[in-house]
Amino acid sequence: MSPDKFTNVYRLPGSIQVRIAKWQATFRGTSDLVLHKALSERNKQYRNNDFLPKGWCLVPFTEEEISITHHGRYIQTTILTMIDRKVAYKRIYLSRMPLEEAEQRLKAFKLEWMRKYNRVVKRYNQIKKKEFINLAREELETLYPSIPKGTFDKTLWNKLVHSELGAPKKFSNPYYVKKADV
(Lines give C-alpha, C1' and ligand atoms only; values in the text may rest on other atoms or scores of the structure.)
Protein backbone atom coordinates (compact mmCIF):
# COMPACT_ATOMS: atom_id res chain seq x y z
CA MET A 1 0.00 0.00 0.00
CA SER A 2 1.33 3.41 -0.95
CA PRO A 3 2.20 5.59 2.08
CA ASP A 4 0.15 8.35 0.47
CA LYS A 5 -3.07 6.40 -0.29
CA PHE A 6 -5.75 6.60 2.38
CA THR A 7 -9.25 5.18 1.88
CA ASN A 8 -11.65 7.91 0.62
CA VAL A 9 -8.92 10.60 0.96
CA TYR A 10 -7.47 12.27 -2.13
CA ARG A 11 -4.50 14.62 -2.32
CA LEU A 12 -5.07 17.53 -4.69
CA PRO A 13 -2.33 20.04 -5.67
CA GLY A 14 -3.09 22.46 -2.82
CA SER A 15 -5.56 20.61 -0.64
CA ILE A 16 -6.84 17.31 0.69
CA GLN A 17 -10.30 16.08 -0.23
CA VAL A 18 -12.45 13.44 1.46
CA ARG A 19 -15.09 11.78 -0.76
CA ILE A 20 -17.55 9.17 0.50
CA ALA A 21 -20.41 8.39 -1.91
CA LYS A 22 -22.11 11.77 -2.54
CA TRP A 23 -20.62 13.48 0.53
CA GLN A 24 -17.32 15.34 0.21
CA ALA A 25 -15.21 17.87 2.09
CA THR A 26 -12.11 19.79 0.99
CA PHE A 27 -9.38 20.96 3.36
CA ARG A 28 -6.92 23.66 2.27
CA GLY A 29 -3.27 22.72 2.64
CA THR A 30 -1.33 19.47 2.54
CA SER A 31 0.42 19.34 5.92
CA ASP A 32 0.07 16.55 8.47
CA LEU A 33 -2.26 18.77 10.54
CA VAL A 34 -4.61 19.15 7.58
CA LEU A 35 -4.40 15.41 6.89
CA HIS A 36 -5.26 14.71 10.54
CA LYS A 37 -8.28 17.02 10.32
CA ALA A 38 -9.41 15.35 7.06
CA LEU A 39 -9.04 11.86 8.54
CA SER A 40 -11.00 12.80 11.67
CA GLU A 41 -13.82 14.23 9.51
CA ARG A 42 -13.78 11.07 7.37
CA ASN A 43 -14.00 8.92 10.50
CA LYS A 44 -17.07 10.88 11.66
CA GLN A 45 -18.76 9.94 8.38
CA TYR A 46 -17.74 6.30 8.84
CA ARG A 47 -19.59 6.18 12.17
CA ASN A 48 -22.94 7.03 10.53
CA ASN A 49 -25.40 4.16 10.91
CA ASP A 50 -26.21 4.01 7.20
CA PHE A 51 -22.56 3.79 6.12
CA LEU A 52 -21.45 0.29 5.06
CA PRO A 53 -17.82 0.11 3.89
CA LYS A 54 -17.67 -1.33 0.39
CA GLY A 55 -16.05 -4.75 0.29
CA TRP A 56 -16.21 -5.03 4.08
CA CYS A 57 -19.97 -5.26 4.66
CA LEU A 58 -22.79 -7.12 2.93
CA VAL A 59 -26.01 -5.57 1.69
CA PRO A 60 -29.15 -7.16 3.16
CA PHE A 61 -31.89 -8.36 0.82
CA THR A 62 -35.32 -6.73 0.64
CA GLU A 63 -38.67 -8.22 -0.27
CA GLU A 64 -38.78 -6.15 -3.47
CA GLU A 65 -35.69 -7.98 -4.75
CA ILE A 66 -37.42 -11.37 -4.86
CA SER A 67 -37.57 -12.57 -8.45
CA ILE A 68 -39.14 -15.80 -9.61
CA THR A 69 -38.40 -16.79 -13.19
CA HIS A 70 -40.53 -19.09 -15.34
CA HIS A 71 -38.80 -21.76 -17.43
CA GLY A 72 -41.68 -23.67 -18.99
CA ARG A 73 -41.74 -26.86 -16.90
CA TYR A 74 -40.50 -25.22 -13.68
CA ILE A 75 -40.11 -21.92 -11.83
CA GLN A 76 -37.00 -20.95 -9.89
CA THR A 77 -35.37 -18.30 -7.77
CA THR A 78 -31.72 -17.55 -7.11
CA ILE A 79 -30.66 -18.07 -3.52
CA LEU A 80 -27.43 -18.25 -1.48
CA THR A 81 -26.51 -21.19 0.73
CA MET A 82 -26.05 -20.26 4.36
CA ILE A 83 -22.68 -21.98 4.66
CA ASP A 84 -20.09 -20.22 2.45
CA ARG A 85 -22.78 -18.07 0.65
CA LYS A 86 -22.62 -20.06 -2.61
CA VAL A 87 -25.08 -19.19 -5.39
CA ALA A 88 -27.75 -21.85 -5.90
CA TYR A 89 -31.20 -22.13 -7.45
CA LYS A 90 -34.39 -23.33 -5.78
CA ARG A 91 -36.76 -24.91 -8.30
CA ILE A 92 -40.32 -26.14 -8.21
CA TYR A 93 -41.48 -28.32 -11.10
CA LEU A 94 -44.96 -27.45 -12.29
CA SER A 95 -45.82 -31.14 -12.71
CA ARG A 96 -45.93 -31.33 -8.88
CA MET A 97 -48.34 -28.41 -8.27
CA PRO A 98 -50.20 -25.60 -10.07
CA LEU A 99 -48.34 -22.41 -10.98
CA GLU A 100 -50.12 -20.13 -8.47
CA GLU A 101 -49.45 -22.45 -5.53
CA ALA A 102 -45.86 -23.02 -6.66
CA GLU A 103 -45.20 -19.25 -6.81
CA GLN A 104 -46.67 -18.71 -3.34
CA ARG A 105 -44.64 -21.54 -1.83
CA LEU A 106 -41.42 -20.43 -3.54
CA LYS A 107 -41.97 -16.86 -2.33
CA ALA A 108 -42.65 -18.09 1.23
CA PHE A 109 -39.46 -20.17 1.03
CA LYS A 110 -37.42 -17.18 -0.11
CA LEU A 111 -38.94 -14.90 2.56
CA GLU A 112 -38.05 -17.30 5.37
CA TRP A 113 -34.53 -17.66 3.95
CA MET A 114 -34.23 -13.87 3.62
CA ARG A 115 -35.19 -13.26 7.26
CA LYS A 116 -32.53 -15.69 8.47
CA TYR A 117 -29.93 -14.48 5.98
CA ASN A 118 -30.47 -10.81 6.91
CA ARG A 119 -30.16 -11.69 10.61
CA VAL A 120 -26.68 -13.09 9.96
CA VAL A 121 -25.82 -10.16 7.63
CA LYS A 122 -26.71 -7.66 10.36
CA ARG A 123 -24.38 -9.36 12.85
CA TYR A 124 -21.62 -9.79 10.22
CA ASN A 125 -21.83 -6.08 9.29
CA GLN A 126 -21.62 -5.02 12.95
CA ILE A 127 -18.41 -6.99 13.44
CA LYS A 128 -16.79 -5.95 10.14
CA LYS A 129 -17.72 -2.27 10.54
CA LYS A 130 -16.24 -2.23 14.04
CA GLU A 131 -13.02 -3.74 12.63
CA PHE A 132 -13.05 -1.16 9.81
CA ILE A 133 -13.54 1.77 12.23
CA ASN A 134 -10.72 0.50 14.45
CA LEU A 135 -8.39 0.52 11.41
CA ALA A 136 -9.60 4.03 10.50
CA ARG A 137 -8.87 5.16 14.07
CA GLU A 138 -5.39 3.66 13.77
CA GLU A 139 -4.85 5.67 10.57
CA LEU A 140 -5.84 8.84 12.39
CA GLU A 141 -3.35 8.14 15.21
CA THR A 142 -0.41 7.12 13.01
CA LEU A 143 -1.12 9.12 9.83
CA TYR A 144 -0.19 5.99 7.89
CA PRO A 145 -2.65 3.99 5.72
CA SER A 146 -3.75 0.77 7.41
CA ILE A 147 -7.15 -0.06 5.90
CA PRO A 148 -6.70 -2.95 3.45
CA LYS A 149 -9.08 -3.69 0.58
CA GLY A 150 -12.19 -5.37 2.00
CA THR A 151 -12.94 -9.00 1.22
CA PHE A 152 -15.62 -11.45 2.30
CA ASP A 153 -14.62 -13.31 5.48
CA LYS A 154 -15.99 -16.83 4.92
CA THR A 155 -14.75 -18.13 8.30
CA LEU A 156 -16.51 -15.35 10.24
CA TRP A 157 -19.68 -15.82 8.18
CA ASN A 158 -19.82 -19.57 8.81
CA LYS A 159 -19.18 -19.05 12.53
CA LEU A 160 -22.02 -16.51 12.72
CA VAL A 161 -24.40 -18.80 10.80
CA HIS A 162 -23.65 -21.55 13.30
CA SER A 163 -24.10 -19.29 16.34
CA GLU A 164 -27.19 -17.40 15.06
CA LEU A 165 -29.11 -20.23 13.37
CA GLY A 166 -27.70 -23.46 14.74
CA ALA A 167 -25.87 -26.49 13.40
CA PRO A 168 -26.39 -27.50 9.75
CA LYS A 169 -27.58 -30.94 10.94
CA LYS A 170 -30.81 -29.34 12.22
CA PHE A 171 -31.86 -28.40 8.69
CA SER A 172 -32.82 -30.50 5.69
CA ASN A 173 -31.47 -27.99 3.15
CA PRO A 174 -28.41 -25.73 2.80
CA TYR A 175 -30.64 -22.62 2.95
CA TYR A 176 -31.69 -23.27 6.59
CA VAL A 177 -35.39 -23.06 5.71
CA LYS A 178 -37.67 -25.23 7.86
CA LYS A 179 -41.25 -23.94 7.87
CA ALA A 180 -41.66 -23.09 4.17
CA ASP A 181 -39.68 -26.05 2.81
CA VAL A 182 -40.78 -27.12 -0.70
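In what follows, every heavy atom counts, from backbone to side chain, and hydrogens, waters and symmetry copies are set aside.
- Looking at K86 and T81, their side chains never bring a donor and an acceptor atom within 3.5 Å of each other.
- Atoms CZ and CG, on R119 and L160 in that order, are 11.0 Å from each other to the nearest 0.5 Å.
- Between E112 and K179, none of the side-chain N atoms (NZ, or NE/NH1/NH2) sits under 4.0 Å from a carboxylate O, so this pair counts as no salt bridge.
- The cationic group of R73 does not satisfy the cation-pi geometry with Y93, failing either the under 6.0 Å distance to the six-membered ring centre or the 45° limit from the ring axis.
- Ring orientation note: the planes of Y117 and W157 are tilted relative to one another, at an angle of 30° to 60°.
- Side-chain contact, Q126 with R123: a donor N or O sits under 3.5 Å from an acceptor N or O.
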Under the side-chain contact (heavy atoms from CB on, under 4.5 Å) rule, what do R28 and V34 come out as? Steps first, then yes or no, please. CA-CA 7 Å; R28 292 172 93 49; V34 175; over 6 Å; no

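- Both the sub-6.0 Å distance and the 45° axial angle are not jointly satisfied by K129 relative to the ring of F51.
- Side-chain contact check for P60 versus K122: every heavy-atom pair is 4.5 Å or farther apart.
- Here the straight-line distance linking atom OG1 of T7 with atom CZ of R19 works out to 13.5 Å at 0.5 Å rounding.
- For the pair E101 and R105, the salt-bridge criterion is met [side-chain N within less than 4.0 Å of a carboxylate O].
- Aromatic pair W113/Y175: ring centres not closer than 6.0 Å.
- A donor-acceptor contact closer than 3.5 angstrom links the side chains of N8 and Y46.
- Atom CG of N43 sits about 8.0 Å away from atom CZ of R137, to the nearest 0.5 Å.
- Once rounded to the nearest 0.5 Å, the distance linking CD1 of I92 with CG of L106 reads 4.5 Å.
- At a threshold of 4.0 Å, the pair E139-R42 counts as salt-bridged, since one of the basic side-chain nitrogens sits closer than that to a carboxylate oxygen.
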